[in-house]
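Source: prediction; values computed, not measured.
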Amino acid sequence: MKKNHKGKILNIETVAKDTVKMCFTTELEDILPGQFVSVLIPDKTLRRPFSVADFAVRGSETNAHCEQPVEGCEPAIIQEADFAVRVDNSGPCGRHPEFVSGSYKGIITVIFKVKGDGTNYLKTLKIGDTIDYLAPLGNTFTLAKEGQKALLIGAGIGIAPMLYLKKTLQKKSVETYLISGFKDEAEVVKGSDKTVIGGSVLDNIQTLIDEFKPEIIYSCGPRVVLEMVCDIAKKNDIKAEIAMEKVMACGIGVCRGCVIRLNTENGPKNASVCADGPVFCGSEVIWEE
């Protein structure tokens with residue numbers, strides 16, 4: 001059930017050019033790959049939507065994106081006894097020891113590009129600061145079955161939901177291969193099996209499909225990339241699911257500002273990316289404007 005939450009920031013850092021990773025506490029016990037959160041920005045009418053790049057339930061696992069060690073620093077530790085996360089990073093990364101505690105149940109990680117006033121505000125936040133967000137929002141990917149192969153394609157910041165999807169699929173014994181593409185080396189977000197720098201992430205995708213032989217393709221990125229992914233999947237008779245990137249206003253399907261067109265059994269229909277998506281079956285999307 002989606003609702004308003006308050007969370008405390010456990011980690012925030014620049015991971016690539018104009019790209020920030022932010023981890024924060026949540027009352028949610030689960031959030032699924034493909035879903036997103038919508039963060040309130042002070043003095044701004046519209047919230048900012050971000051795909052979930054990782055999620056960890058308290059006490060059951062490590063959120064790798066939140067707790068990656070920095071050389072010379074102690075990583076954050078989820079402490080079972082006092083239900084607190086101790087952030088003890090006083091080394092070269094410049095953080096100071098402190099405790100972030102409360103009745104939270106998990107940790108959400110988002111990765112975002114710094115582009116405007118909202119994201120420029122978020123990048124100034126510190127460990128222990130509180131954010132207001134709506135979650136979980138949107139639908140999720142259909143997970144491949146145990147023993148299947150899944151090809152994941154992330155273009156630019158579209159890698160974010162692919163990272164969490166990859167982690168989830170691997171837990172289900174699905175063999176994955178994640179390929180990502182970035183404009184230049186400075187923009188690379190780590191976590192892929194292969195990274196394409198410059199050019200198109202799809203330049204040699206047919207060779208990869210022929211060699212890897214996936215049963216399903218997942219992708220997130222700019223519209224032009226997703227359209228090409230769906231075309232390639234259709235030619236290879238492979239199911240494709242895509243997470244659409246679209247400018248959102250309300251984030252809950254009321255304003256209808258992020259509408260796309262879908263083919264259905266009853267003919268074409270409008271769908272909101274925020275409420276009906278962001279994940280859609282590639283074969284259903286109508287790409288022509």
Side-chain angles (χ1 to χ4, degrees), residues 1-7 20 22 24-53 55 104-106 108-122 125 130-142 156-158 160-162 164-165 218-227 230 241-289:
M1 179 183 296
K2 56 192 171 192
K3 68 177 214 177
N4 200 200
H5 300 272
K6 293 284 199 312
V20 172
M22 182 171 69
F24 52 92
T25 62
T26 182
E27 301 167 8
L28 296 171
E29 295 181 344
D30 195 16
I31 191 165
L32 303 174
Q35 292 185 307
F36 64 99
V37 302
S38 193
V39 180
L40 180 67
I41 307 296
D43 302 320
K44 297 293 182 182
T45 303
L46 303 179
R47 291 172 177 266
R48 301 302 192 267
F50 302 110
S51 296
V52 174
F55 176 78
Y104 53 86
K105 298 179 180 178
I108 294 173
T109 296
V110 296
I111 301 174
F112 59 87
K113 296 290 287 185
V114 179
K115 289 185 175 182
D117 291 344
T119 48
N120 268 288
Y121 161 77
L122 289 175
L125 297 178
T130 299
I131 60 170
D132 180 302
Y133 63 97
L134 295 175
L137 298 174
N139 64 354
T140 183
F141 293 100
T142 303
I157 202 62
M162 297 293 100
Y164 184 31
L165 177 60
Y218 302 100
S219 187
C220 182
R223 180 187 177 95
V224 62
V225 173
L226 297 183
E227 183 175 0
C230 292
E241 289 195 356
I242 56 173
M244 300 283 286
E245 292 183 347
K246 192 85 170 176
V247 176
M248 298 179 186
C250 70
I252 55 175
V254 175
C255 73
R256 305 293 281 176
C258 58
V259 169
I260 63 169
R261 298 279 285 167
L262 297 179
N263 275 315
T264 71
E265 293 180 356
N266 298 318
K269 76 167 188 176
N270 290 336
S272 294
V273 171
C274 64
D276 301 308
V279 178
F280 296 95
C281 179
S283 61
E284 295 180 352
V285 177
I286 299 174
W287 297 102
E288 296 82 5
E289 296 289 350

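Side-chain atoms of T264 come within 3.5 Å of backbone N or O of N266 as a donor-acceptor pair. With H5 contributing its side chain and A135 its backbone, the two residues share a donor-acceptor pair below 3.5 Å. With hydrogens and angles ignored, the 3.5 Å screen pairs no side-chain donor or acceptor of N120 with any backbone N or O of V114.
Looking only at side-chain heavy atoms (C-beta outward), L226 and W287 come within less than 4.5 Å of each other. Inter-residue side-chain proximity for R261 and N270 is flagged as met; some heavy-atom pair is nearer than 4.5 Å. The shortest distance between side-chain heavy atoms of Y218 and P33 does not fall below 4.5 Å. Contact check for V37 versus L134: no side-chain heavy atoms found under the 4.5 Å cut-off. You'll find the side chain of F24 reaches within 4.5 Å of the side chain of V110, heavy atoms only. T26 is not listed as a side-chain neighbour of I31, based on a closest heavy-atom distance of 4.5 Å or more. Counting only heavy atoms from C-beta outward, the side chains of L122 and V39 approach each other to under 4.5 Å. Side-chain contact between I242 and C230 is present, with at least one heavy-atom pair separated by less than 4.5 Å.
More than 12 non-hydrogen atoms from other residues, nucleotides or ligands lie less than 6.0 angstrom from CG of D132.
Of all the heavy atoms in G158 and P161, the pair that sits closest is O-CD, 3.4 Å. Closest approach of S38 and L137 over heavy atoms only: CB-CD1, 3.5 Å. Of all heavy-atom pairs spanning P278 and G34, the tightest one is CG-O, 3.2 Å. Minimum heavy-atom separation, I108 to L28: CD1-CD1, 4.5 Å. Taking both residues in full, the closest heavy atoms of K105 and E27 are given as CD-O, 3.2 Å, listed atom of the first, atom of the second, then distance. Closest approach of F141 and A243 over heavy atoms only: CZ-CB, 3.8 Å.
The line from CD of E284 to CD1 of I260 is 9.5 Å long, rounded to the nearest 0.5 Å. In this structure, SG in C274 is found 11.5 Å from NZ in K246, a value given to the nearest 0.5 Å. Distance OG/S219 to CD/E241: 11.5 Å, rounded to 0.5 Å. Summarising the geometry, atom NZ belonging to K3 is positioned 9.5 Å from atom OH belonging to Y133; distances are rounded to the nearest 0.5 Å. Separating the NZ atom in K115 from the CD1 atom in I157 is a distance of 8.5 Å, to the nearest 0.5 Å. To the nearest 0.5 Å, the span separating NZ on K44 from CG on D117 amounts to 4.0 Å.
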- [ ] Evaluate side chain to side chain contact (heavy atoms under 4.5 Å, CB included) for R48 paired with L46, printing each intermediate quantity in order.
- [x] CA-CA 7 Å; R48 301 302 192 267; L46 303 179; 4.1 Å; yes
- [ ] Assess whether side chain to side chain contact (heavy atoms under 4.5 Å, CB included) is satisfied between N139 and F280, documenting all intermediate values.
- [x] CA-CA 9 Å; N139 64 354; F280 296 95; 5.7 Å; no
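S51 and Y164 share no donor-acceptor pair across their side chains, judged by distance under 3.5 Å alone.
Between F112 and F50, the ring-plane angle classifies as tilted under the 30° and 60° cut-offs.
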